[in-house]
Novice: 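Mind having a look at this structure? Questions to follow.
Just so you know, ligand 1 is whichever comes first in the structure, and atom 1 is the first atom listed for that ligand.
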Amino acid sequence: MKYAVLHRGDELSKQLSDKFHQLASEHRLVQDDVQPEIVISIGGDGTMLQAFHRYMNQLDSIAFVGVHTGHLGFYADWKANEIELLVKLMSEHAVKDVIGPRIVKYPLIELSINLDEGISRSYIALNEFTIKGVDGTVVAQIDINDQLFEMFRGDGICISTPSGSTAYNKSLGGAMVHPSIESIQLAEIASINNRVFRTLGSSIVLPKHHHFDIYSRKQQRLLLTIDHINVPLENLQSVRCQVAHQKVTFVRYRPFPFWNRVRGAFLGYDEQL
Ligand code: NAP
Ligand code: MN
């Protein structure tokens, strides 16, 4: 079993990372930062976002697992004191073990960004993609499946994955979506609604094989965010967003249902966590 560890950089996460390496060598696990089979993220959900983007080109061969050194996370759902158990399970069970469900796969967002002069870029997001105005109101046309849907004016637009629905999307009043539902959700960021300007107002959930196109409808400086990554742009033409073909794999050595994580993180009924 080849593994890599990525930690948040604070003292506790660093100590835990050192401890992990020590335990791993005792269990004859091999550190391989270039082609790991399991990537252990130690810190918070933000650390998992960094781990995901670091290994984004190897999603088919990597499973992720998150240990939290602060509060319970959605991706970081192992406690610091469970690290011995985690190493033991890793040494006993290959990720591709057929006995028992050892992994879970979550949907991602695929983005194709078109800039002036025919330049295009593509990205994958684990949590969400947002488009926000730098100087003021964003003006954008939103199409669904190549049909005009609405003209958006406001602070911005957030398109999230199911596992990202508990992050930025939740602050915007979006719905919590179970990660078994292959979908993307659009939530508005402070849309302007009056007799002249009109948007739907509610969040929209699209299934796989449907897509949003967002067209920039004025000369505007925009800030695009892809998870924790900021991309300032002045020359955006359009962005296509859809459920990605690829998925991200998480190690699931023991059950920890999504709804229990939602309850634990937001409602605090954490006696079982
Ligand atoms: P951050 O400022 O530390 O993140 C904000 C909070 O979101 C942190 O508490 C983070 O947890 C948590 N978080 C990240 N992914 C989550 C998920 N899937 N479900 C529930 N909570 C989640 O910055 P960051 O750590 O680099 O994370 C970037 C993310 O922050 C973005 O992807 C976006 O979702 C979120 N964000 C939220 C808002 C908002 O709610 N108004 C605004 C901007 C960005 P940890 O403390 O464990 O890292
Ligand atoms: Mn963070």
Novice: Which ligand 1 atoms are under 4.0 Å away from a heavy-atom of G44?
Specialist: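 The atoms of ligand 1 under 4.0 Å from a heavy atom of G44 are 47 (O).
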Novice: Answer yes or no for atom 40 (O) of ligand 1: protein heavy atom present at a distance under 4.0 Å?
Specialist: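 Flag for atom 40 (O) of ligand 1 set to true, protein heavy atom closer than 4.0 Å.
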Novice: Considering F266, Y106, Y168, F74, which one's heavy-atom position lies nearest to atom 38 (C) of ligand 1?
Specialist: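 Nearest option to atom 38 (C) of ligand 1, by heavy atoms: Y168.
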Novice: Side chain, backbone, both or neither: which applies to H71 and ligand 1 if a contact is any heavy-atom pair less than 4.0 Å apart?
Specialist: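 H71 to ligand 1: side-chain contact only, backbone stays beyond 4.0 Å.
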Novice: Answer yes or no for atom 33 (C) of ligand 1: protein heavy atom present at a distance under 4.0 Å?
Specialist: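 Flag for atom 33 (C) of ligand 1 set to true, protein heavy atom closer than 4.0 Å.
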Novice: List the closest protein heavy-atom neighbour of atom 24 (P) of ligand 1: residue, atom name, distance to the nearest 0.1 Å.
Specialist: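 Answer, as residue, atom name and distance: G46 CA, 4.0 Å.
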Novice: Does ligand 1 have an atom that lies less than 4.0 angstrom from a heavy atom of K170?
Specialist: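 K170: no contact with ligand 1 (<4.0 Å).
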Novice: My understanding is that we take every heavy atom of each candidate and find the minimum distance to atom 26 (O) of ligand 1. Doing that for R261, H228, H68, which one comes out nearest?
Specialist: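 That would be H228.
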Novice: Hey, what's the ring geometry for Y253 with W78, parallel, tilted or perpendicular (30° and 60° as the breaks)?
Specialist: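 Rings of Y253 and W78: perpendicular, over 60°.
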Novice: Does the protein place any heavy atom closer than 4.0 Å to atom 8 (C) of ligand 1?
Specialist: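 No, because not a single protein heavy atom sits under 4.0 Å from atom 8 (C) of ligand 1.
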Novice: Anything under 30° is parallel, anything over 60° is perpendicular, the rest tilted; go ahead and classify H178 against F258.
Specialist: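 Taking F258 first and then H178, their aromatic rings stand perpendicular (interplane angle over 60°).
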Novice: Does the protein come close to atom 21 (N) of ligand 1 - that is, does one of its heavy atoms sit below 4.0 Å from that atom?
Specialist: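 Under 4.0 Å from atom 21 (N) of ligand 1, at least one protein heavy atom found.
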Novice: Hey, is T166 touching ligand 1 through its side chain, its backbone, both or neither, going by heavy atoms under 4.0 Å?
Specialist: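 Both of them.
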Novice: Checking side-chain contact (heavy atoms from CB on, under 4.5 Å) for the pair E11/Q15: CA distance, chi angles, key distance, verdict?
Specialist: CA-CA 6 Å; E11 199 48 46; Q15 276 174 18; 3.8 Å; yes
Novice: With heavy-atom distances below 4.5 Å as the criterion, would you say the side chains of P107 and S183 are in contact?
Specialist: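 Answer no - side chains too far apart.
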Novice: Any donor-acceptor pair under 3.5 Å linking the side-chain atoms of T47 with those of S41?
Specialist: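 Not at all, the side chains of S41 and T47 share no donor-acceptor pair under 3.5 Å.
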Novice: Could you label the plane-to-plane angle of the H21 and Y3 rings as parallel, tilted or perpendicular, counting under 30° as parallel and over 60° as perpendicular?
Specialist: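 Because their plane-to-plane angle lies in the 30° to 60° range, the rings of H21 and Y3 count as tilted.
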Novice: When the aromatic ring centroids of F266 and F74 are compared, is their separation below 6.0 Å?
Specialist: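 Yes; F74 has its ring centre under 6.0 Å from that of F266.
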Novice: Could you tell me whether the side chain of K218 and the main chain of T137 form a donor-acceptor pair under 3.5 Å?
Specialist: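 Checked: pair present.
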Novice: Going by the order shown, which atoms of ligand 1 are within less than 4.0 Å of some heavy atom of D227?
Specialist: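 Taking each heavy atom of D227 in turn, ligand 1 has 31 (C), 32 (O) under 4.0 Å.
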Novice: For S171, counting its heavy atoms only, list the atoms of ligand 1 lying under 4.0 Å from any of them.
Specialist: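 With S171 as reference, the close atoms of ligand 1 come out as 39 (C), 40 (O), 41 (N).
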Novice: Report whether L6 and F20 are members of the same hydrophobic cluster (ILVMFWY, side-chain heavy atoms less than 4.5 Å apart, transitive linking).
Specialist: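 No; tracing contacts between hydrophobic side chains, which count when under 4.5 Å, never links both residues.
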Novice: Note the single closest protein heavy atom to atom 15 (N) of ligand 1, along with its residue, its atom name and the distance in Å.
Specialist: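 Ranking protein heavy atoms by distance from atom 15 (N) of ligand 1, first comes N127 ND2, 2.9 Å.
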Novice: Specify the protein heavy atom at minimum distance from atom 10 (C) of ligand 1: its residue, its atom name, and the distance to 0.1 Å.
Specialist: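 Minimum-distance protein heavy atom for atom 10 (C) of ligand 1 reads D45 CB, 4.5 Å.
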Novice: Does S163 come within less than 4.0 Å of ligand 1, judged by its heavy atoms?
Specialist: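 The answer is yes: ligand 1 sits under 4.0 Å from a heavy atom of S163.
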Novice: Indicate, as side chain, backbone, both or neither, the part of A167 found under 4.0 angstrom from ligand 1 when only non-hydrogen atoms are considered.
Specialist: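 Both of them.
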Novice: How far is atom 28 (C) of ligand 1 from its nearest protein heavy atom, and which residue and atom name does that atom have?
Specialist: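 Ranking protein heavy atoms by distance from atom 28 (C) of ligand 1, first comes L49 CD1, 3.5 Å.
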Novice: Quick check on contacts: which atoms of ligand 1 are under 4.0 angstrom from a heavy atom of Y75?
Specialist: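 In order of numbering, the contacting atoms are 18 (N).
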Novice: Is any side-chain heavy atom of T249 less than 4.5 Å from a side-chain heavy atom of L59?
Specialist: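 The answer is no; the side chains never approach within 4.5 Å.
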Novice: Is the shortest side-chain heavy-atom distance between N169 and M176 below 4.5 Å?
Specialist: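 Yes. Closest side-chain heavy atoms under 4.5 Å.
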Novice: What do we get for T47 next to ligand 1 when only non-hydrogen atoms under 4.0 Å count, side chain, backbone, both or neither?
Specialist: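 It is neither part, as no heavy atom is under 4.0 Å.
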Novice: Please check if a non-hydrogen protein atom sits closer than 4.0 Å to atom 3 (O) of ligand 1.
Specialist: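 Protein heavy atom within 4.0 Å of atom 3 (O) of ligand 1: absent.
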Novice: Of the listed options (E128, M48, R8), which comes nearest to atom 31 (C) of ligand 1 when hydrogens are ignored and any heavy atom counts?
Specialist: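 The residue whose heavy atom sits nearest atom 31 (C) of ligand 1 is E128.
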Novice: Can a protein heavy atom be found under 4.0 Å away from atom 46 (O) of ligand 1?
Specialist: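 For atom 46 (O) of ligand 1 the answer is yes, since some protein heavy atom falls inside 4.0 Å.
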Novice: Would M1 end up clustered with L23 when hydrophobic side chains under 4.5 Å apart are linked, directly or stepwise?
Specialist: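 Yes; L23 is reachable from M1 via cluster members.
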Novice: Between H245 and E110, do the side chains contain an N or O donor and an N or O acceptor separated by less than 3.5 Å?
Specialist: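 Their side chains do contain a donor-acceptor pair, which is all the 3.5 Å distance test asks for.
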Novice: So, D146 and R240, do they make that salt bridge, N to O below 4.0 Å?
Specialist: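 R240 and D146: salt-bridged.
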